[in-house]
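Throughout, a chain's letter reflects where its sequence line sits, starting with A, and its residues are numbered from 1.
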Amino acid sequence: MDILEGLNDAQKTAVQTTTGPVLLLAGAGSGKTKTLTHRIAHLIASQHIWPNEILAVTFTNKAAREMRTRLSTLLGQPDTRSFMPWMGTFHGICVKLLRIHGHHLDIASNFVIYDEDDRQSLIKQAMKTLAIADKQIKPRAVSSAISNAKNELQSPSDMAANASYPFEKSVAKIYATYETLRRQAGALDFDDLLIETVRLLREHPEVRDQLRSQFRHILIDEYQDTNAAQYAIVKSLVNDEHNICVVGDDWQSIYSWRGADFRNILRFEQDFPGTVVIKLEQNYRSTGAILEAAHNVITKNVERTDKQLWTAAGTGAPVQIQAARDEAEEAFNIASRIATQVQMAARRYRDVAVLYRMNSQSAPLERAMMQLRVPYQIVGGVRFYDRREVKDIIAYLRLLYQPADRISFTRIVNVPTRGIGATSLERFLIWQANSGMDIIEALVNADQASSLTPRAKKALVALGELLRTLQLAVTRDTPPAELIEQLVASIGYEAYLRDGTPQAEDRIENLGALVSDARTFAALPDFLEEVALMSSVDSATDHDSVTLMTIHAAKGLEFPVVFMVGMEEGIFPHSRVYQAGPSELEEERRLCYVGMTRARQELHMSFAACRLQFGQREYNSPSRFLADMGYEAAAMPVFEQSHDDFYADMIPDFDIGDRVRSAQFGTGEIVDVDGLAVSVSFDSGTIKKLNIEFAHLEKL
DNA sequence: CGGTTGCACTTTTTT
DNA sequence: AGTGCAACCG
């Protein structure tokens, strides 16, 4: 077994430099996951490091899973927990630490995790108790302000102390109330997972020291996208041996809006003196043409390190730029091109990804794919776990697990409708808060609440009995899948979903999918954790289908063929950067770079003269990123509203019966035309279906 | 209390 | 354009 086999010199150095701080500056497609995996394997196999002495942080759960699989192959060991290092995302690792050590901070071991929706509901509740109208202050704005504060490790009182504008003062108040309610509910939000871990490590040196001596080797991927809290976690976990290896690429930093600071990677050398810096600059992924184009885009940025990626692969096909009349035509062009390539067996559907700036751009693409029967899957957007029916069931499960969780209770109290309206709910919650009982206990005893009507009492007690029965099942360790089935049956949920709408059957199908998902988990807390921390790419299937997703979601992935759509000013770069500063524009450009470098062999970029947004037609000019790539703005078509037949002269029109010549197949006659796909009966006797965009047919 | 209708708002990107 | 929420009526 030679762990160093197949690595280039820089990668070998990265694997073999096992002591002291290492900074791995890894360009796009330079084999960093491979290097990280081999480094871990080397530590275990040759350096006598135990797997549980290694902590490896990845950006997604999927990346962790992939690394685990590759590691077990490399080491020839089964993929079992006991033989695996601590691997996962920052959030996942923090959950595990807090389940074990949270009691030091008065965090219940059965805390639930609140997502963005839950957080906004709680903010609304907080605003209601403070009598702040949500007309003046949007819960969404409050949510992001709180999130920013948390990521900067600012408490409500810190925020209040720094507040000067009325808005900030109000937000600080809401923040304080939000925190109280959240603690009462036994819940942590995404940001809490990080900052409570920071607090744990700061306030409890005994816990910190134990972890420090356990984790003799720490590896962190995508270090350019760490935020202040994550940075603090890293700094306090590293022990005096400084065996820390971080990997990243400042050119690919695309999460500054959520508090990530790529300067963390730039200042690593100062943080850890004696750092060995290793640059991985050979790209194994893309063709020369794609790399050059991407390079031309990113080098327009001012704030960045200098590097030059190179490839031993050939130049390949040039980056293709295509104009369309509107978003529907753009989508149709892509779908038909994919269909043709697959028909010619040049590609499989799974080889192709279509990337866009924002989720709302997926709709026209979906329509075109459906029309042309191109199988596709959407990553992100409305996530599976965000669907109403799924969230309902999860809310029930969360309430069973954490009977203080008011947000979940509020969600399900009248689902299916059981005659408990807003008034009764409010009265019940006031009574429950004063009773000292948790929600389920209080429900069972609701007939003692004098403020409630007899009808409401009856309904609430019935709900309480039902939940108590299920809670008993939980204490008997009933597997989550069975629990869901029992729950769905006892509340008559399927009948409730069958409301006569066309989506009803889809919803019931999703319910089935939820149960089969749950089957892979033995215990309820594991299932709930997975559901809460599942990232959008984690849920992608491996079916043979085209992948549609945002560029953010595509980070870390690669595809033989990539389409980037909506290359227009106002879309990409997003219109928001016009009001923001140059650093936001630089992030857009990095995002463009990330998108382009996902492509291995073919990169297509397209823009539309106009597109429908908010039900309004908007006219955008081609993105400046296209000009950055060296495409002359003057050479690009200029569109006007009245001028809608330009498209005709971009596609040579072929008719049945036309004689054509192909460089590959000789001369022949066109027998069928279907969009961009043309069937030609060649004089040699063969009939071929060709895409006129790249078959280069010459009309005779 | 529950269902319906009409209005407002959306769209950056996500763990 | 589509969706979610608020105000109304039964």
Side-chain angles (χ1 to χ4, degrees), chain A residues 57-64 88-95 113-117 119-121 124 134-135 138-140 143-144 147 150-151 188-194 222 225-227 229-230 253-260 327 355-364 367 379-383 385-386 388 414-425 453 455-456 459 499 503 529-539 549-555 566 570-580 584 587-588 590-592 594-595 611-618:
Chain A
V57 184
T58 58
F59 199 69
T60 60
N61 295 308
K62 191 182 172 207
T89 61
F90 270 108
H91 290 85
I93 286 163
C94 289
V95 169
I113 302 166
Y114 276 0
D115 67 12
E116 184 57 32
D117 273 7
R119 175 195 256 166
Q120 280 186 36
S121 312
K124 280 181 201 160
D134 58 3
K135 290 273 184 278
K138 286 185 195 145
R140 264 191 60 197
S143 172
S144 85
S147 182
K150 287 191 171 184
N151 282 323
L188 299 184
D189 65 29
F190 283 140
D191 300 319
D192 293 327
L193 298 176
L194 302 176
E222 308 281 8
D225 280 323
T226 48
N227 65 23
Q230 292 165 333
S253 164
I254 55 175
Y255 281 99
S256 74
W257 50 272
R258 112 183 169 195
E327 77 285 350
L355 308 182
Y356 36 81
R357 178 64 179 82
M358 41 189 172
N359 283 308
S360 59
Q361 290 173 263
S362 72
R367 276 193 279 269
V379 171
V382 182
R383 281 155 60 229
Y385 286 108
D386 285 341
R388 195 181 309 128
N414 208 26
V415 174
T417 45
R418 37 174 81 91
I420 303 164
T423 322
S424 299
L425 173 63
T453 63
R455 230 173 87 184
D499 56 357
Q503 299 102 304
E529 182 192 320
E530 165 86 3
V531 168
L533 296 184
M534 171 102 103
S535 76
S536 49
V537 282
D538 294 336
S539 56
M549 61 187 155
T550 63
I551 302 169
H552 282 90
K555 174 177 170 157
I571 302 286
F572 195 20
H574 192 269
S575 57
R576 243 181 104 108
V577 307
Y578 302 142
Q579 291 112 301
E584 278 77 9
E587 178 142 319
E588 294 285 308
R590 290 195 294 271
L591 189 59
C592 187
V594 167
R611 72 175 60 233
L612 210 54
Q613 244 183 326
F614 308 108
Q616 289 221 314
R617 210 143 264 298
E618 308 225 316

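You'll find that the side chain of A:K124 is closest to C:dC5, out of B:dT14, C:dC5, C:dA1. When each of C:dC5, B:dT13, B:dT11 is scored by its nearest atom to the side-chain atoms of A:R140, the top-ranked nucleotide is B:dT11.
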When you compare the protein's N or O atoms with those of nucleotides 2-6 of chain B, which come within less than 3.5 Å of each other, and at what distance?
| residue | atom | partner | partner atom | Å |
| --- | --- | --- | --- | --- |
| B:dG2 | OP1 | A:G419 | N | 2.7 |
| B:dG2 | OP2 | A:N414 | ND2 | 3.2 |

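Distances shown here put a side-chain N or O of A:T423 below 4.0 Å from the OP1 or OP2 atom of B:dC1. Look at A:S575 and you won't find any side-chain N or O under 4.0 angstrom from OP1 or OP2 of B:dT11. Between A:K138 and the phosphate of B:dT10, there is a side-chain N or O to OP1/OP2 separation shorter than 4.0 Å. Put simply, A:S424 has a side-chain N or O that comes within less than 4.0 Å of OP1 or OP2 on B:dC1. OP1 and OP2 of B:dT15 both lie 4.0 Å or more from every side-chain N or O belonging to A:N227.
A perpendicular orientation is assigned to the rings of A:H91 and A:F190, their planes being inclined by more than 60° (bins at 30° and 60°).
With values rounded to the nearest 0.5 angstrom, A:I254 atom CD1 is found 8.5 Å from A:I551 atom CD1.
Note on A:D191: nothing from the nucleic acid sits closer than 4.0 angstrom, heavy atoms only.
A:W257 qualifies as a stacking partner of the B:dT13 base, centre to centre under 5.5 Å and near-parallel within 30°.
Summarising the geometry, the separation between CZ on A:R617 and P on C:dA1 is reported as 10 Å, rounded to the nearest angstrom. Computed from coordinates, the A:N359 CG to B:dT14 C1' distance equals 10 Å when rounded to whole Å.
Surrounding CZ of A:R455 are at most 12 heavy atoms belonging to other residues, nucleotides or ligands under 6.0 Å away.
The nearest heavy atom of DNA chain B to A:A456 and to A:H552 marks one nucleotide each, and the one closer to the 5' end goes with A:A456. Ranked by how close their nearest DNA chain B nucleotide is to the 5' end, A:A532 and A:L425 are led by A:L425.
To the nearest whole angstrom, the two C1' atoms, one in C:dG4 and one in B:dT13, are 22 Å apart.
In this structure A:E587 satisfies the side chain to side chain donor-acceptor pair (under 3.5 Å) test together with A:S256, A:R590, sequence neighbours excluded. Not counting sequence neighbours, the partners of A:N151 by the side chain to side chain donor-acceptor pair (under 3.5 Å) test are A:N227.
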Worked check of side chain to side chain contact (heavy atoms under 4.5 Å, CB included) between A:R611 and A:I571: CA-CA 10 Å; A:R611 72 175 60 233; A:I571 302 286; 3.8 Å; yes

